[in-house]
Amino acid sequence: MLRQIRLSELQSERLIGWVQLAIVLFFTTLYSIAPRAEGSSGFNFVPLALGAYFLFTLIRLVLSYRIKLPDWYLFLSIGVDVALLVGLIFSFHIQYGQPPTFYLKTPTLMYVFIFIVLRALRFDLRFVAVTGLVAVTGWLGLVAYAVGAQMGAMRITRNYVEYLTGNTILIGAEIDKVMVILTVTGILCAVLYRGRALLLASAQDHAAAADLSRFFDPAVARSITGSAEDLAPGRGDLRTASILCVDLRSFTATAATLDPDKVMAVLAVYQRLAVGIIEAAGGQVDKFLGDGILATFGAVVPSPTHAADALRAAQGICRAVRQEQEGFAQAGWPGVLRAGAAVASGPVTVGTVGTGARLEFTVIGNAVNRAAKLEDANKAQASNALTDAGTLALARTQGFDAEDLEKRPGQSVEGLSGPVDLVVLA
């Protein structure tokens, strides 16, 4: 989470640099093509100030791509920005040969708000507050200089017309300018304070959603985190889907004789294979049951080919486990590892179960029970993967084209009432 925030701040700092570079290039272009204002006869500081500021901005931008700019450098940048603006404003009375009160009426002060708003891009109110305070300090310095310089040639007035038309100072007008700068700075700081809190909360939610996707299938995680309503037990949707059950043969008995590390290493190899095949076929892992896996096709995300996809996944898992014996042996399995799989299709309820403090996202329905019983029947049928004739017929309509599948009609399956027409997938 903190890494994401730091990355966002780095990107913001680069954006600030680009905006500042665009501003200085804009004003340089504008100054170069505009005729010199009438009445200006003194030394012109503008080209030197713009040139120096351009070099500083360019160096700052280059450094932002090479290193993380330290806070002291960023605060120094604020000082340079305000110093440029204050210096340009101060130079006006020299350039035009007027008393210092002349520069107090310049509209150039308005550019200070650009520098303040630019710092808001970082979502760090410290830089906004410092920019506003430095700007106010700079302007008060200009006012103080104007009041103290050549007092015999100017005076303080309370007449607004006289202030606008003569070389006088209206203290109330300067206070207004200071108050506006401070108010804008304060409002931006308040906005950034709230915005940063939302940013942190959003980053935490994003990190939580990323962690959640490690415990749930990504599609399930998105359905949980993207829900507009609070999750509660007892809510669900009825969908037609296919259920895949996978289990390892004699795993529990053999695992009891092995070191725990070896058991987990074998499980990791097996689950990596199985989950990869399930997800590639468009399925979602509902849960891991020790060495067993319950996966759904078309339950979380509706699919027009759920039965065909589930049958392909069942065949693929059995084939992959058969071909991965060397990997299992290297992980510590002492013999041949075999997997059993079964698929059943039908209406299922998809939703949350549990209590307000402990929820579980799952699927419930006859197809789930039938898939589990068919998987158990692999032992009695001496098969690796089974389905029923109804699921196969549905899969055929969805593009499943495997041929030479052995059919065993009228079989008795423990836990299921009545005879079942079985189909051997592997």
Side-chain angles (χ1 to χ4, degrees), residues 242-258 263 266-267 269-278 281 283 285 288-297 307-329 331-346 366-396 400-426:
S242 293
I243 308 299
L244 168 64
C245 286
V246 185
D247 199 17
L248 294 178
R249 292 287 166 263
S250 304
F251 183 83
T252 303
T254 306
T257 65
L258 301 177
V263 174
V266 172
L267 276 178
V269 175
Y270 151 67
Q271 289 170 346
R272 184 182 69 250
L273 282 175
V275 172
I277 292 170
I278 290 169
V285 174
F288 293 99
L289 305 168
D291 59 300
I293 298 175
L294 174 64
T296 65
F297 292 77
D309 295 335
L311 295 188
R312 294 190 187 99
Q315 290 179 319
I317 290 172
C318 292
R319 182 168 52 252
V321 169
R322 189 170 57 250
Q323 295 172 349
E324 189 61 26
Q325 295 306 310
E326 183 178 348
F328 295 131
W333 194 252
V336 176
L337 189 70
R338 294 184 176 87
V343 177
S345 300
N366 182 57
V368 181
N369 179 63
R370 193 162 71 253
K373 299 304 181 184
L374 291 178
E375 197 285 313
D376 285 338
N378 277 307
K379 301 171 186 176
Q381 296 292 326
S383 58
N384 292 321
L386 289 173
T387 190
D388 57 76
T391 299
L392 177 62
L394 178 61
R396 295 288 193 198
F400 184 72
D401 56 0
E403 302 295 338
D404 301 326
L405 296 178
E406 180 184 354
K407 297 179 181 179
R408 300 177 182 178
Q411 298 295 307
S412 176
V413 175
E414 184 178 354
L416 298 180
S417 60
V420 181
D421 294 333
L422 297 178
V423 179
V424 178
L425 298 172

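Everything numeric in this text was worked out from a predicted model, so none of it was measured.
Of all heavy-atom pairs spanning Ala339 and Val321, the tightest one is CB-CG2, 3.9 Å. Annotation for Cys318 and Asn384: closest pair SG-O, 3.6 Å, computed over non-hydrogen atoms. Contact between Ile277 and Gly316 at its shortest, heavy atoms only, is CD1-O, 3.4 Å. The shortest non-hydrogen separation linking Arg396 to Asp401 is NH1-C, 3.5 Å. What you find for Ala371 and Ala344 is that their closest heavy atoms are N-CB, 3.7 Å. Among all heavy-atom pairs drawn from Arg370 and Asp388, the shortest one is NE-OD2, 3.3 Å.
Across Thr296, Ile293, Leu273, a single residue satisfies side chain to side chain contact (heavy atoms under 4.5 Å, CB included) together with Ile278, and that is Ile293. Between Trp333 and the options Phe328, Phe251, Tyr270, a ring pair (Phe, Tyr, Trp, His ring centres under 6.0 Å) holds for only Phe251.
With hydrogens and angles disregarded, no donor-acceptor distance shorter than 3.5 Å links the side chain of Arg319 to the backbone of Ala314. With hydrogens and angles ignored, the 3.5 Å screen pairs a side-chain donor or acceptor of Asn378 with a backbone N or O of Ala341. A side-chain donor-acceptor contact under 3.5 Å links Gln325 to the backbone of Leu337.
The closest side-chain heavy-atom distance from Val424 to Leu386 is below 4.5 Å.
Atom CD in Gln411 sits 12.5 Å away from atom CG in Leu416 (nearest 0.5 Å). Atom CG of residue Asp421 and atom CG of residue Leu392 lie 11.0 Å apart, to the nearest 0.5 angstrom. We find the OG1-CG distance between Thr391 and Leu374 to be 8.0 Å, quoted to the nearest 0.5 Å. Rounded to the nearest 0.5 angstrom, Ser242 OG and Leu311 CG are separated by 7.0 Å. Atom-to-atom distance recorded for Arg272:CZ and Glu324:CD is 6.5 Å, nearest 0.5 angstrom.
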Which is it for Val413 and Leu422 under the side chain to side chain contact (heavy atoms under 4.5 Å, CB included) test, yes or no, and what are the steps along the way?
-> CA-CA 9 Å; Val413 175; Leu422 297 178; 4.2 Å; yes
Take Thr387 and Leu405, measure what side chain to side chain contact (heavy atoms under 4.5 Å, CB included) needs, and give me the verdict at the end.
-> CA-CA 11 Å; Thr387 190; Leu405 296 178; over 6 Å; no
Going through the distances and angles, do Phe288 and Val275 end up as a side chain to side chain contact (heavy atoms under 4.5 Å, CB included)?
-> CA-CA 10 Å; Phe288 293 99; Val275 172; 3.7 Å; yes
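Looking at Arg312 and Asp309, a side-chain N of the basic residue comes within less than 4.0 Å of a carboxylate O on the acidic one, giving a salt bridge.
Around CZ of Arg408, the count of heavy atoms belonging to other residues, nucleotides or ligands within 6.0 Å exceeds 12.
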